[in-house]
Amino acid sequence: MSEINLPKTYDPAELETRVYSWWDDRGYFHAEPDEHGETGREPFAIAMPPPNVTGSLHMGHALTSTIEDALVRHARMIGKNAVWLPGMDHAGIATQNVVEKELAKEGCSRHDLGREAFIARVWEWKEEYGGKILLQQRRLGASADWQREAFTFDEQRSRAVRKVFCDLYDDGLIYKGERIINWCPRCLTALSEIEVEHTEDPGELAELRYPAADGSDGVIVATTRVETMLGDTAVAVHPADDRYRQLIGGSVVLPLLDREIPVVADAHVDPEFGTGAVKVTPAHDPNDFEIGQRHELDSIDIMTDEATLNTAAGPYEGLDRYTARERIKQDLDALGLLVSVTEREHPVGHCSRCDTVVEPRLSEQWFVRIRPLADRAAEAVRDGRTRFVPERNAKGFLDWLDNLYDWCISRQLWWGHRIPAWYDADGKVAVLREDPSGEEVAARGLTQDEDVLDTWFSSALWPFTTLGWPDHTPDLETWYPNSVLETGYDINTFWVSRMLMMGLYCMDDVPFRVVFNHGMVRDRHGKKMSKSFGNVIDPVEFIEEYGADALRFALVRSASPGQDVPLAEEWVEGARRFCNKLWNAARFVLTDLGDVSPDEGLPETMELEDRWILSRLESARASVDAALADYDLAAVSRALYHFVWDEYCDWYLELAKLRDDRGARRVLAVVLDEALRMLHPITPFVTEELWQALHGRPGDKASDDGQSARALIVEPWPAPAPGRRDADAEAQFEAVREAVTELRRFRADHGLSPARRLSVVAVLGAERAAVLEGGLDGIRRLAGVDSWRFDDAGSSGPAGKVAVTGGELHVPLEGLIDLDGERERISRELEKAEAELRRARTKLANDSFVSKAPEPVVRAEREKADEWARTIERLTAQRVALD
RNA sequence: GGGCGCUUAGCUCAGAUGGCGAGAGCGCUGCCCUUACAAGGCAGAGGUCGCAGGUUCGAGCCCUGCAGCGCCCACCA
């Protein structure tokens, strides 16, 4: 037994930090561009979805990073020039909110500081606290090219944003206009519709009577937002609605404000809904705004930025919108104009940042004319230049693209890319590629637009700005389009769509060839993790307790593409057990290895179990490659888990213990080596450590003297080896396995202790005997058999009988077993066998089965039937023998 | 209101092109500290594959309908 440099216990915490810095120091994460393809290596690039600077690692990030890291590591090992581009998002609203909260603690607001000082303060905060999440990514094992770290708000990315804004403006794809937008009265900014979350909230539908101008009954309208009636400038009915025909062109009186408003006919009104008459508030409802446009109605904004009522609301000025709602209902009721109030759930928009109910509101904002951009994006998905994994996600994405509104990109915030538009003294707008000089500003009385851009505007450029755009860099030449964009399906609309649009616009090519969607991490019962449920689990805690490898394995293990990923502590614990198993298996191999190196390759002559394990290895390798092609890391991990634990450890290792030949050691080493390679993308740390040990490297990487020129992280991926497929060895080994299992079961059924050795008389016939012959040593060891002979006459004395394919094994018993129990067991088996035989015979008696089913299927069924018949015969004989 | 997904063992999930004598992990039961690993080994119990029809020689898998759960999207006041 040789000395090995692996500690007895698997200690992920120590190992992971050490191995990570070793990789990092040696620069394995860094990739060099290859713009002219001189290296002949296929480029591979993934841009990391930039986490918010304010963020800290949650399970969603952990899943994202694990999957992307696994893809990048695999790409590296199959010889691609792989780069993973990391960075962070300045995250406009989110970050501004965080710093504003800080200020609030100090008792001041951003307005006390002023714009410039506030922004300086946010930068300070960013330098000090931001980016914690990237450190946490390292603990997870992320092999990102940190030298290329980008920030959506740094100098270079800002230049890119400026250029895109100006280009779009010059192309007529950005405009400023007055539209209904979603306004957050707490964040005090416009939001795009995508930043609004709709929930079904309890509410009410109120019916109000608007009397006619001549004092007659007028019309009854329905609304869920009573207070907006103060901004009504018309009532609309369907043009073909007979009930209201005589009112069209006339007017009604808006109660409380006594404003006379026209009744207009508009086909958008659904006569079937409610009373068929609609109040029209162009300043506070998108539909009404359109009706207003068609009929040239006034728009009356009745609210302040904080969603209290303004002077237009007359006597209600100064009230909060909900207070006003109640007050107005009371007042209308007093006038006899409140017809009814019915409780009713209805969809309400909430700010995705702070959950405040948003107010649809008429406002002057900057917009991206989305149609031309969205059409190109949709086309790229339809013609397959970018494909989705899983494919089904493309449909929803396309539906969404086909029904887009113009994108509101201006935000009334301070933290973000300021809109490069200046107004002169006359209010004339100029969008400028360079900031105007001081003289110019003074001479023309220029002032810059106060607004900043939606944070998604800059992240939309991520796949090429991370590569240096707008400069023409070798990076860009090498890695654009990116290979894969990996993200949760929840931000396909926010982010993926915009990257596609901007990529096609700026680069004239898709930003990535594949959109790979993972699911959401959920708790053990598939419930969403949320603070209010109290079921949030912190990945960093798990990393500390179980190791990053275990967390990665647990996450990936249920991460089928697009499927949600349930996670619980026991799952991670189970994954660590797997790492531990691997650790111990490697320790055993290392102690056994002597001077054998995995580089020696396979021996020329091999035993049955050698050929079997190699055949199984090849089969695992094929499954893993197939799963990787489908981005199905769950299948990858399953295949490897099963191979390592159930085949390599449980069978091959146990058999190898019997042997002291060099051949067994060489097989042991080669199989371990390849298994470690294939596991590396998922559990990088433990595999690197074990692989180094296997290749005789010093255990202490910290004191690495450079003599080790190799590292698993950049070792080649196992190549297909169809020659290792060995159906005969598999079949033969299966027989061995069956004999061992059956004998073990016999032992367990009869309560025979493992220490008790057995004698076996095998009644098998020459053919089956020959099959088992090669595995006899194994059977002896694994089933605790002392003596074994083949004898068709069977055992002479009383014996237990164990069914195996092609015959039975007799175990002389010396009268120590429970006869009744044995009879019962045989009866149970008989029943099962008889049922199976009936099933098979019915099938075979069916002419259409025999004539129509493929010949091998029919033959297999016949063989099954014969076998069950023999089993029944044997069991019957056994039962008789016991009496 | 539209679209999508899910429904298989107590729990969480696998089950290419229909051939299943339905699997895994965890949990459970029994035996075992067998010199890689008790974070382990061996053996076992546990399933009318949501329901109803249909196609087929054959359906967990395909078709139709229904039910339940979940998600995304949505300007019916």
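Reminder, nothing fancy here: chain letters follow the sequence lines and each chain counts from 1.
- Here the side chain of A/Ala853 is nearest to one of B/C37, B/G19, B/A36, namely B/G19.
- Residue A/Glu197 contributes atom CD, which lies 8 Å from atom P of B/C72 at whole-angstrom precision.
- Counting non-hydrogen atoms under 4.0 angstrom, A/Cys579 reaches nothing in the nucleic acid.
- A distance-only check finds a donor-acceptor pair linking the side chain of A/His284 to the backbone of A/Ile302 [under 3.5 Å].
- Between the CG atom of A/Leu567 and the P atom of B/C11 there is a distance of 19 Å, given to the nearest Å.
- Atom name P, nucleotides B/A22 and B/A59: the rounded distance is 14 Å, in whole Å.
- Nucleotide B/G18 forms a pair with no other nucleotide shown, judged by Watson-Crick or G-U wobble geometry with both contacts under 3.5 Å.
- Contact annotation for A/Thr741: backbone-only contact, meaning every heavy-atom pair under 4.0 Å involves sugar-phosphate atoms and none involves a base.
- No hydrogens or angles were tested; on distance alone, nothing pairs the side chain of A/Lys395 with the base of B/C4 as donor and acceptor under 3.5 Å.
- On the P atoms, B/G41 is 14 Å away from B/U35, given to the nearest whole Å.
- Across all strands shown, B/U35 remains unpaired; no Watson-Crick or G-U wobble contact has both distances below 3.5 Å.
- For the pair A/Arg524 and B/U12, the criterion of a side-chain N or O lying under 4.0 Å from OP1 or OP2 is not met.
- Within the 4.0 angstrom heavy-atom criterion, only backbone atoms of the sugar-phosphate kind lie near A/Gln563; the bases stay farther away.
- Regarding A/Glu742, its CD atom lies at a distance of 11 Å from the C1' atom of B/A43, rounded to whole Å.
- Candidate nucleotides B/A36, B/A39, B/A43 were compared by shortest atom distance to the side chain of A/Arg576, and B/A39 ranks first.
- Searching all strands for a Watson-Crick or G-U wobble partner of B/U64 with both distances below 3.5 Å returns B/A52.
- Residue contacts for A/Arg557: at a heavy-atom cut-off of 4.0 Å it reaches the sugar-phosphate backbone alone, with no base atom in range.
- Here, B/G60 and B/G19 have their P atoms 10 Å apart, quoted to the whole Å.
- No donor-acceptor pair closer than 3.5 Å links the side chain of A/Asn182 to the backbone N or O of A/Pro360.
- Side chain of A/Asn517 to backbone of A/Gly562: no donor-acceptor contact under 3.5 angstrom is found.
- Here B/C57 is the nucleotide among B/C57, B/C26, B/G3 with the atom lying nearest to any side-chain atom of A/Asn846.
- Nucleotides B/C49 and B/C11 place their P atoms 16 Å apart, quoted to the nearest Å.
- One N or O donor and one acceptor, one from the side chain of A/Glu654 and one from the base of B/A36, sit under 3.5 Å apart.
- Checking B/G30 for Watson-Crick or G-U wobble geometry (two distances, each under 3.5 Å) identifies B/C42 as its partner.
- Considering only the side chain of A/Tyr641, B/G25 comes nearest among B/G25, B/C4, B/C42.
- Contact annotation: A/Trp645 side-chain N/O to B/A36 OP1/OP2 distance is not under 4.0 Å.
- In terms of phosphate contacts, A/His525 brings a side-chain nitrogen or oxygen within less than 4.0 Å of OP1 or OP2 of B/U12.
- Spacing between atom CG of A/Asp646 and atom P of B/A14 amounts to 19 Å, rounded to whole angstrom units.
- The distance from atom CG of A/Leu758 to atom C1' of B/U34 is 15 Å, rounded to the nearest whole Å.
- When distances run from any side-chain atom of A/Glu570 to the nucleotides B/G19, B/C26, B/A36, the shortest one goes to B/C26.
- Nearer to the 5' terminus of RNA chain B, by closest-nucleotide assignment, is the contact made by A/Phe849 (compared with the other of A/Leu205 and A/Phe849).
- When both distances must be under 3.5 Å, the Watson-Crick or G-U wobble mate of B/G23 is B/C13.
- Taking a pair to require two hydrogen-bonding distances under 3.5 Å in either a Watson-Crick or a G-U wobble arrangement, B/G70 pairs with B/C4.
- The shortest distance between the side-chain N/O atoms of A/Arg577 and the OP1/OP2 oxygens of B/G40 is below 4.0 Å.
- Among B/A77, B/A14, B/C57, the nucleotide with an atom closest to any side-chain atom of A/Arg638 is B/A14.
- Distance, A/Met520 CE to B/C69 P: 22 Å, rounded to whole Å.
- Comparing B/A43, B/U12, B/C37 by their closest approach to the side chain of A/Asn584 singles out B/C37.
- At a cut-off of 3.5 Å, with distance as the only test, a side-chain donor of A/Glu738 or A/Thr805 sits close to an acceptor on the other residue.
- Within the nucleic acid shown, A/Lys657 comes within 4.0 Å of at least one base atom, counting heavy atoms only.
- Between B/A74 and B/U64, the two P atoms lie 28 Å apart (nearest whole Å).
- For the OP1/OP2 pair of B/A77 and a distance below 4.0 Å, the side-chain nitrogens and oxygens of A/Thr281 include no atom meeting the criterion.
- A/Pro854 comes within contact range of at least one nucleobase, with a heavy-atom separation under 4.0 Å.
- Checked against B/A77, B/G19, B/U12, the side chain of A/Pro566 finds its nearest nucleotide in B/U12.
- Between the side chains of A/Tyr210 and A/Asp232, at least one donor N or O lies within less than 3.5 Å of an accepting N or O.
- Looking only at atom types and distance, the side chain of A/His295 has a donor-acceptor partner in the side chain of A/Asp266 under 3.5 Å away.
- Under the 3.5 Å distance criterion, with hydrogens and angles disregarded, a donor-acceptor pair is assigned to the side chains of A/Asn287 and A/His268.
- Distance from the side chain of A/Trp571 is smallest for B/U12 among the nucleotides B/U12, B/G44, B/G3.
- Within 6.0 Å of the CD atom in A/Glu343, the count of heavy atoms belonging to other residues, nucleotides or ligands does not exceed 12.
- For A/Arg745, whose side chain is taken as the heavy atoms from C-beta onward, the closest listed nucleotide among B/G44, B/G19, B/G40 is B/G44.
- Side chain to side chain, A/Asn846 and A/Ser848 meet the donor-acceptor criterion of an N or O pair below 3.5 Å.
- The separation between A/Leu653 atom CG and B/G41 atom P is 12 Å, rounded to whole Å.
- Ranked by how close their nearest RNA chain B nucleotide is to the 5' end, A/Ser558 and A/Asp650 are led by A/Ser558.
- Rounded to whole Å, atom C1' of B/A74 lies 12 Å from atom CG of A/Asn287.
- Side-chain nitrogen and oxygen atoms of A/Lys8 include at least one within less than 4.0 Å of the OP1 or OP2 phosphate oxygen of B/C37.
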